[in-house]
Amino acid sequence: RQITFDDRPLQQPSLSPDGKHVAFVMGDPDPLKPSRHVYVMDRNGSDRRQLSSGNENTSRPLWSPDEKWIAYGSRALSEPLDSSKVYILDASTLGAPRLSGEGEPLRWIDSNSFISWTPTKSWLNSIDGTSLKQFYQDSTLATPVVGGKYILFLDNHKSRDGIWIVAAQDTKGARFGKPKRILSSGHSGAISPNGKFLFYIKSSREMWRISLPKGKEEKLRGVFPGLDGNSDCNVSYGDKEIIYTEQRTVGKLVMIDNLH
């Protein structure tokens, strides 16, 4: 069912663990302003609240498993595209955001730590911002899955494009096993909060699920109106619900007077 009816660009929805709220990114009401901000609303689309402000672009708001925090990426419009920082907000008071890491948030590991990513590295962060260390290899977007026993990663090397999974330890106890590619590049999708499934959009109105670590694929039954390769999607805690965006192009007529 459709829950928003704006013609403003809306992206990267995220369901709260209890399923009662949705965090998302939405563009400015003025189409000539490129800023994007984080909002929260009830799951039926009511009680919408803006959480960020100013001349900034925000991205990927994600709820912590205990629902205490919302992490999101932000950069000033005047800054380069790769300069995003991670901020966290108290989800109960929605007070001032606190700087907590580098890049954009990818996935919460537990209620105190999360993975973020920059164009060249993945990072393990803590909510207090005191612990920041690289996770896995350069030029990969990586996160632990299946209880930390495996690492799922998007490889940005030309010869190794796609999504791969690798054991965090091989059978002899050495660090990392042999990676296995489970999905080619070019698909939009989401990792389930429990780290046991990768959901992805295979074609228009088709959602598929890959079980981890084996890589078995399954087409989800049901109708997904408006779903296509440009949609952003997110899976609920418990894997029972999927929320996604239907991307539409809206034309607006603009006139500039008094040109010099």
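Everything numeric in this text was worked out from a predicted model, so none of it was measured.
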Side chain to side chain contact (heavy atoms under 4.5 Å, CB included) between I182 and L152, intermediate numbers included: CA-CA 10 Å; I182 61 171; L152 188 72; 3.6 Å; yes
Should [X] and [Y] count as side-chain neighbours, where that means a heavy-atom distance under 4.5 Å?
| X | Y | answer |
| --- | --- | --- |
| I109 | P144 | yes |
| T120 | D138 | no |
| L89 | Y72 | yes |
| M41 | D47 | no |
| K180 | Y150 | no |
| Q134 | E102 | no |
| T143 | F153 | no |
| F24 | V38 | no |

Carboxylate-amine/guanidinium proximity below 4.0 Å for R181 and D161: yes
Salt bridge E104-R75, side-chain N to carboxylate O under 4.0 Å: no
First locate atom [atom1] of [X], then atom [atom2] of [Y], and finally report the distance between them rounded to the nearest 0.5 Å.
| X | Y | atom1 | atom2 | answer |
| --- | --- | --- | --- | --- |
| W117 | L154 | CH2 | CG | 9.0 Å |
| Q137 | I151 | CD | CD1 | 8.5 Å |
| L62 | F114 | CG | CZ | 9.5 Å |
| S192 | K240 | OG | NZ | 12.0 Å |
| Y39 | M26 | OH | CE | 4.5 Å |
| L106 | L124 | CG | CG | 11.5 Å |

Has the side chain of [X] got a donor or acceptor atom that lies under 3.5 Å from a matching backbone atom of [Y]?
| X | Y | answer |
| --- | --- | --- |
| D42 | N44 | no |
| S184 | G162 | no |
| Q12 | R60 | yes |
| W69 | P65 | no |
| W63 | S14 | yes |

Can you give me the closest heavy-atom contact between [X] and [Y], atom names plus distance?
| X | Y | answer |
| --- | --- | --- |
| A142 | I115 | O-CG2, 3.2 Å |
| P193 | D239 | CD-OD1, 3.9 Å |
| S59 | V25 | CA-CG2, 3.9 Å |
| P97 | Y87 | CB-CB, 4.1 Å |
| I242 | C233 | CG2-CB, 4.4 Å |
| V40 | A23 | CG2-CB, 4.0 Å |

R205 to F224 six-membered ring, cation-pi geometry met (6.0 Å, 45°): no
E67 vs K20, salt bridge (charged side-chain N to carboxylate O under 4.0 Å, His left out): CA-CA, chis, key distance, verdict: CA-CA 11 Å; E67 298 187 52; K20 295 181 179 180; over 6 Å; no
Criterion side-chain hydrogen bond (donor to acceptor under 3.5 Å, both in side chains) on E217 and Y200, from CA distance to verdict: CA-CA 10 Å; E217 290 190 75; Y200 75 98; 2.2 Å; yes
K68 atom NZ, over 12 foreign heavy atoms within 6.0 Å: no
K196, NZ atom: more than 12 neighbouring heavy atoms under 6.0 Å: no
Are side-chain N/O atoms of [X] and [Y] paired as donor and acceptor at under 3.5 Å?
| X | Y | result |
| --- | --- | --- |
| S52 | H37 | yes |
| S35 | N55 | no |
| R36 | Q11 | yes |

Derivation of the side-chain hydrogen bond (donor to acceptor under 3.5 Å, both in side chains) call for N125 and S116: CA-CA 7 Å; N125 304 259; S116 66; 2.8 Å; yes
